[in-house]
**Q** 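Submitted below is the structure of interest, expressed as structure tokens.
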Amino acid sequence: MAQRDRQPVERNLAMELVRVTEAASLSASVHMGKGDKELVDQAAVDAMRHVLEGISMDGVVVIGEGEKDEAPMLYNGERIGDGSNPQVDIAVDPIDGTTLLSKGLPGAIAVIALSARGTMNVPKEVFYMDKIAVGPEARDVIDINAPVADNLQKIAKVLGKKVADVTVIMLDRPRHEQLLKEVRAAGARIKLIGDGDVAAGIQAALPNSGVDVLLGVGGTPEGAITAAAIRCTGGALQCKPWPRDEAERQKCLDAGLDLEHVYMTEELVGGDDIFFSATGATTGELLKGVNFTATGAYTQSLVMRSRSGTIRWVDSIHDFNRLNKIRFTQA
């Protein structure tokens, strides 16, 4: 019998990135509950950078820990990898929810996303953006400029639900007081979270997550990272710049930023192939956190690729006695 012609197996960078987020979560989780956000973040950054430098790629950090004078590693513009192809943009959040992890609260995750060079676009002049995110079924019916009630009614219709059965997730912040009133007036259910903007956006875009839509104002870098994940799920994210005060508003205008512009998912993260990985640090609704044992640890990760649309949950057992590198930095 003639053998079928087969395409060569493509390199799936997402399966390499899971080692990066596992290392970050393992290292940071050692400091769970110690009340030190900086310690948590530094441990995650150190571990993430160590594993990233061994990956065959020519990467540039587009969304990282800030400018070079603010961050010694994983700073915006830093070159990562061994310099070989592919050429990629990198977005990292070593721990999304440093406060959560430092207090031992649920929902902290380590996150990384990759796309082709020049495809990540985030307005750096503004710290926050207003957002709406949904899964594939509702991707074509949302409009961030429309009234909240209109969006919730359209989302409910395409999901085959009543508005009363639609669950909205948002950060519990004073700036959302009016938004809360509008969601409640529309009759939808609400899930308030203390931190974890990226995890919340991913939940809104995943099937059977218990969340139907993300609404509200969150970090701009987190918006781009969320967009990368949503490109993989087939959902949609819309964002608008949200200046914190008049000074930031003027800074945006001076830089030529259109404050009324709506950033769509593909504008925030373009290209044909996006890779995404997240690993739980503390157990939340999206992922289980790090569970240390006498000889190692268990981790759970979410790994996605946009081209194939494959979504994987990866459960890993780490045996520290077999590691050849410094503890918690090699998977």
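Positions are given from 1 along the sequence.
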**Q** Please determine if Asp273 and Arg305 form a salt bridge, counting it only when a charged side-chain N lies under 4.0 Å from a carboxylate O.
**A** yes

**Q** Determine whether Ile155 and Ile144 fall in the same hydrophobic cluster, where Ile, Leu, Val, Met, Phe, Trp and Tyr are linked whenever their side-chain heavy atoms lie under 4.5 Å apart.
**A** yes

**Q** Heavy-atom count around Lys251 NZ within 6.0 Å, excluding the residue itself: above 12?
**A** no

**Q** Within the 4.5 Å heavy-atom criterion, are Leu268 and Cys239 side-chain neighbours or not?
**A** yes

**Q** Return the CD to CD1 distance between Glu16 and Ile55, rounded to the nearest 0.5 Å.
**A** 5.5 Å

**Q** Give a yes or no on whether Val62 and Ile112 share a hydrophobic cluster (residues Ile, Leu, Val, Met, Phe, Trp, Tyr; joining criterion: side-chain heavy atoms under 4.5 Å apart).
**A** no

**Q** Is the number of heavy atoms from other residues, nucleotides or ligands within 6.0 Å of CD (Glu177) greater than 12?
**A** no

**Q** Should the pair Lys154-Asp143 be classified as a salt bridge under the 4.0 Å nitrogen-to-oxygen rule?
**A** no

**Q** Hey, are Arg189 and Thr167 close enough side-chain-wise for a donor-acceptor pair under 3.5 Å?
**A** yes

**Q** For a salt bridge (charged side-chain N to carboxylate O under 4.0 Å, His left out) check, start with the C-alpha distance between Lys131 and Glu222, then their side-chain angles and the critical distance, and finish with the verdict.
**A** CA-CA 11 Å; Lys131 307 171 187 177; Glu222 288 83 357; 5.3 Å; no

**Q** For Phe292 and Phe320, take the angle between the two ring planes, folded into 0 to 90°, and tell me which bin it lands in: parallel under 30, tilted 30 to 60, perpendicular over 60.
**A** tilted

**Q** For the hydrophobic clusters of this structure (ILVMFWY residues joined by side-chain heavy atoms under 4.5 Å, transitively), does one cluster hold both Ile90 and Val122?
**A** no

**Q** State, yes or no, whether a side-chain contact exists between Pro241 and Leu257 at a heavy-atom distance under 4.5 Å.
**A** yes

**Q** Could you check whether any side-chain heavy atom of Leu52 comes within less than 4.5 Å of a side-chain heavy atom of Met57, counting everything from C-beta outward?
**A** yes

**Q** Less than 4.5 Å apart, side chain to side chain, heavy atoms only: is that true for Pro86 and Leu13?
**A** yes

**Q** Please confirm whether the ring centroid of Tyr263 lies under 6.0 Å from the ring centroid of His261.
**A** yes

**Q** Is there a continuous path of hydrophobic side-chain contacts, each under 4.5 Å between heavy atoms, that joins Leu214 to Val262?
**A** no

**Q** Is Pro123 close to Met129 at the side-chain level, that is, under 4.5 Å between some pair of heavy atoms?
**A** yes

**Q** Can you find a pair of side-chain heavy atoms, one from Arg49 and one from Glu78, that are under 4.5 Å apart?
**A** yes

**Q** Do Ser102 and Asp36 come within less than 4.5 Å of each other through their side chains, counting heavy atoms only?
**A** no

**Q** May I ask you to check whether over 12 heavy atoms, not counting those of Arg244, lie within 6.0 Å of atom CZ?
**A** yes

**Q** Does Met170 have more than 12 heavy atoms from other residues, nucleotides or ligands lying within 6.0 Å of its CE?
**A** yes

**Q** Out of curiosity, does Ile317 fall in the hydrophobic cluster containing Trp313 (side-chain heavy atoms, cut-off under 4.5 Å, transitive links)?
**A** no

**Q** With a 4.0 Å cut-off, would you call Arg173 and Asp195 a salt bridge?
**A** yes

**Q** Assess the residue pair Lys288 and Asp315 against the criterion (salt bridge (charged side-chain N to carboxylate O under 4.0 Å, His left out)); give the C-alpha distance rounded to whole Å, side-chain angles, the decisive distance to 0.1 Å, and a yes or no.
**A** CA-CA 9 Å; Lys288 295 177 183 177; Asp315 291 295; 5.3 Å; no

**Q** Please examine the side chains of Leu302 and Ile311, heavy atoms only from C-beta on, and report whether any two atoms are closer than 4.5 Å.
**A** yes

**Q** Side-chain donor-acceptor pair under 3.5 Å between Thr299 and Thr279, yes or no?
**A** no

